[in-house]
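In this chain, numbering begins with 1 at the start of the sequence shown.
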Amino acid sequence: MKKVEYIDNIKIYVDGYDLKNHLIWNENTDNILKARKYIREHYLLEQCFRCAYCRIQKKEKHGMTWDVEHILPKSKYPEFLFEPCNLVVACKECNGSKDSHDILQKKLRRGSIYPDDSNYFSIVHPHYDKYSQHIEISVVEGKRKYRVLDKNKGRNTYIACNFFRFDYEYGEWDSFDDAIISEFSSFLDNCPMDATPIEVKRQLGHLSFVLKCDF
């Protein structure tokens, strides 16, 4: 994912930031409004309009749908308020759940630069980690399911961003694999013998697929 690069008046504004007062982020001044919009639109394109965490896709561009997310919370790390590697866009639900929780695993010294090592972070870092190595997303009969592939970053991301909200029928299936097998078995049992390839393909598309979740 390409990091945001500041230009023109936005660069002048960002370069003049004192690295301390993170409260400017929520001001309604012209400078910060333009900076937030510029950052949001950059990462929406880079992320293909998908949330950095749950990977849900929404086609809106505005701030009523998307938050500019600070991976290391701005209240605890104000010096990284405009750091490109600390910025992504996230849906309101993920951003609200993650909130200002500190996801840094290794303590930084005062005045340190932003960590460039994935091992510093307890959750999947959108800039440093390959999402599909930690979490797999599948849609089965319209139900979005998340499978954690590791007990560290995958699990921590699931908890921090409250992916429990997608498991509204938790317990219906014994496992992720059982869900897919069950749905396909049902399809095969009920599929007409004279169904055309196009009809079969259309029906299969409604059953199950694994989402491409890497940017």
Side-chain angles (χ1 to χ4, degrees), residues 1-105 107-116 120-129 131 144 156-166 213 215:
M1 180 163 56
K2 184 180 178 182
K3 298 181 294 185
V4 65
E5 296 180 3
Y6 301 115
I7 59 173
D8 303 330
N9 289 337
I10 293 176
K11 186 178 188 312
I12 294 173
Y13 176 69
V14 169
D15 288 346
Y17 172 56
D18 65 5
L19 306 180
K20 297 177 181 178
N21 182 20
H22 71 278
L23 296 177
I24 66 167
W25 185 262
N26 295 319
E27 293 179 352
N28 289 318
T29 61
D30 190 54
N31 285 328
I32 193 62
L33 289 175
K34 287 181 177 178
R36 292 204 312 253
K37 182 175 184 288
Y38 179 78
I39 295 167
R40 183 172 64 248
E41 291 184 349
H42 170 84
Y43 283 115
L44 279 175
L45 291 176
E46 288 296 309
Q47 297 172 208
C48 302
F49 288 82
R50 288 181 288 167
C51 173
Y53 299 120
C54 72
R55 293 315 206 237
I56 199 165
Q57 189 175 53
K58 301 179 182 181
K59 291 298 186 178
E60 297 89 352
K61 289 185 177 181
H62 52 72
M64 296 297 291
T65 297
W66 298 107
D67 287 333
V68 175
E69 151 71 354
H70 293 83
I71 299 166
L72 291 182
K74 57 185 179 293
S75 58
K76 292 182 171 67
Y77 302 93
E79 65 271 31
F80 301 134
L81 186 69
F82 293 108
E83 166 57 48
C85 284
N86 196 46
L87 298 169
V88 286
V89 288
C91 69
K92 295 287 185 180
E93 292 79 9
C94 282
N95 192 41
S97 297
K98 180 175 168 290
D99 197 25
S100 59
H101 296 142
D102 194 347
I103 49 85
L104 200 60
Q105 297 194 111
K107 193 172 183 178
L108 294 178
R109 295 180 180 179
R110 185 180 296 275
S112 297
I113 62 173
Y114 191 80
D116 60 1
Y120 272 84
F121 302 90
S122 63
I123 67 171
V124 176
H125 194 293
H127 287 280
Y128 299 156
D129 294 307
Y131 192 91
R144 199 175 179 91
N156 292 337
T157 303
Y158 188 102
I159 294 171
C161 298
N162 188 29
F163 291 175
F164 296 103
R165 69 185 190 270
F166 296 104
C213 53
F215 296 140

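Applying the side chain to side chain donor-acceptor pair (under 3.5 Å) rule to Asn95 yields the partners Asp67; only residues at least two apart in sequence or on another chain are considered.
Considering NE2 of His70 and CD of Glu83, their distance stands at 10.5 Å, rounded to 0.5 Å. In this structure, Leu44 CG and Phe49 CZ are separated by 5.0 Å, a value rounded to the nearest 0.5 Å. Going from atom NZ of Lys74 over to atom CG of Asn26 covers 5.5 Å, rounded to the nearest 0.5 Å. Atom CZ in Arg40 sits 10.5 Å away from atom NZ in Lys61 (nearest 0.5 Å). Atoms CZ and CD, on Phe121 and Gln105 in that order, are 9.5 Å from each other to the nearest 0.5 Å. How far CD1 of Ile10 is from CD1 of Ile32: 9.5 Å, rounded to the nearest 0.5 Å.
By the 4.5 Å heavy-atom criterion applied to side chains, Tyr6 and Tyr13 are not counted as neighbours. Between Tyr114 and Tyr77, the closest side-chain pair of non-hydrogen atoms is not below 4.5 Å. Side-chain contact between Val88 and Phe215 is absent, with no heavy-atom pair separated by less than 4.5 Å. For the pair Cys94/Glu69, no side-chain contact is recorded, criterion being any heavy-atom separation below 4.5 Å from C-beta on. Within the 4.5 Å cutoff, the side chain of Phe80 has no heavy atoms near those of the Ile71 side chain. Side-chain contact between Phe82 and Trp25 is present, with at least one heavy-atom pair separated by less than 4.5 Å. Residues Asp116 and Cys85 fail the side-chain proximity criterion, which asks for heavy atoms closer than 4.5 Å.
When all heavy atoms of His125 and Asp129 are compared, the pair lying nearest together is N-OD2, 2.7 Å. When all heavy atoms are compared, the tightest approach of Leu87 to Leu81 is CD2-O, 3.7 Å. Listed here is the closest heavy atom pair of Arg50 and Cys213: NH1-CA, 3.6 Å. Counting all heavy atoms, side chain and backbone alike, Pro115 lies closest to Tyr120 at CB-CG, 3.7 Å. In terms of heavy-atom proximity, Pro126 sits nearest to Met1 at O-CE, 3.7 Å. In terms of heavy-atom proximity, Gln57 sits nearest to Lys59 at NE2-NZ, 3.9 Å.
Ring to ring, Tyr131 and Tyr53 are not that close: their centroids are 6.0 angstrom or more apart.
Using a 4.0 Å cut-off between charged side-chain N and carboxylate O, Lys58 and Glu93 make a salt bridge.
One N or O on the side chain of Ser122 and one on the backbone of Ile103 form a donor-acceptor pair closer than 3.5 Å. The backbone N or O of Val124 lies less than 3.5 Å from a partner atom in the side chain of Thr157, making a donor-acceptor pair. His101 contributes a side-chain N or O that, together with a main-chain N or O of Lys98, makes up a donor-acceptor pair within less than 3.5 Å.
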Legend entry - Stepwise ring-ring contact (aromatic ring centres under 6.0 Å, His included) check, Tyr43 with His127: CA-CA 11 Å; Tyr43 283 115; His127 287 280; 5.6 Å; yes

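More than 12 heavy-atom neighbours from other residues, nucleotides or ligands sit within 6.0 angstrom of NZ on Lys76. Counting heavy atoms of neighbouring residues, nucleotides and ligands inside a 6.0 Å radius, atom CG of Asp102 exceeds 12 of them.
Cation-pi geometry between Arg144 and Phe163 is not met at under 6.0 angstrom from the ring centre and within 45 degrees of the axis.
Test Val14, Asp15, Asn9, Asp8 against Lys11 for side-chain contact (heavy atoms from CB on, under 4.5 Å) and you get one pass: Asp15.
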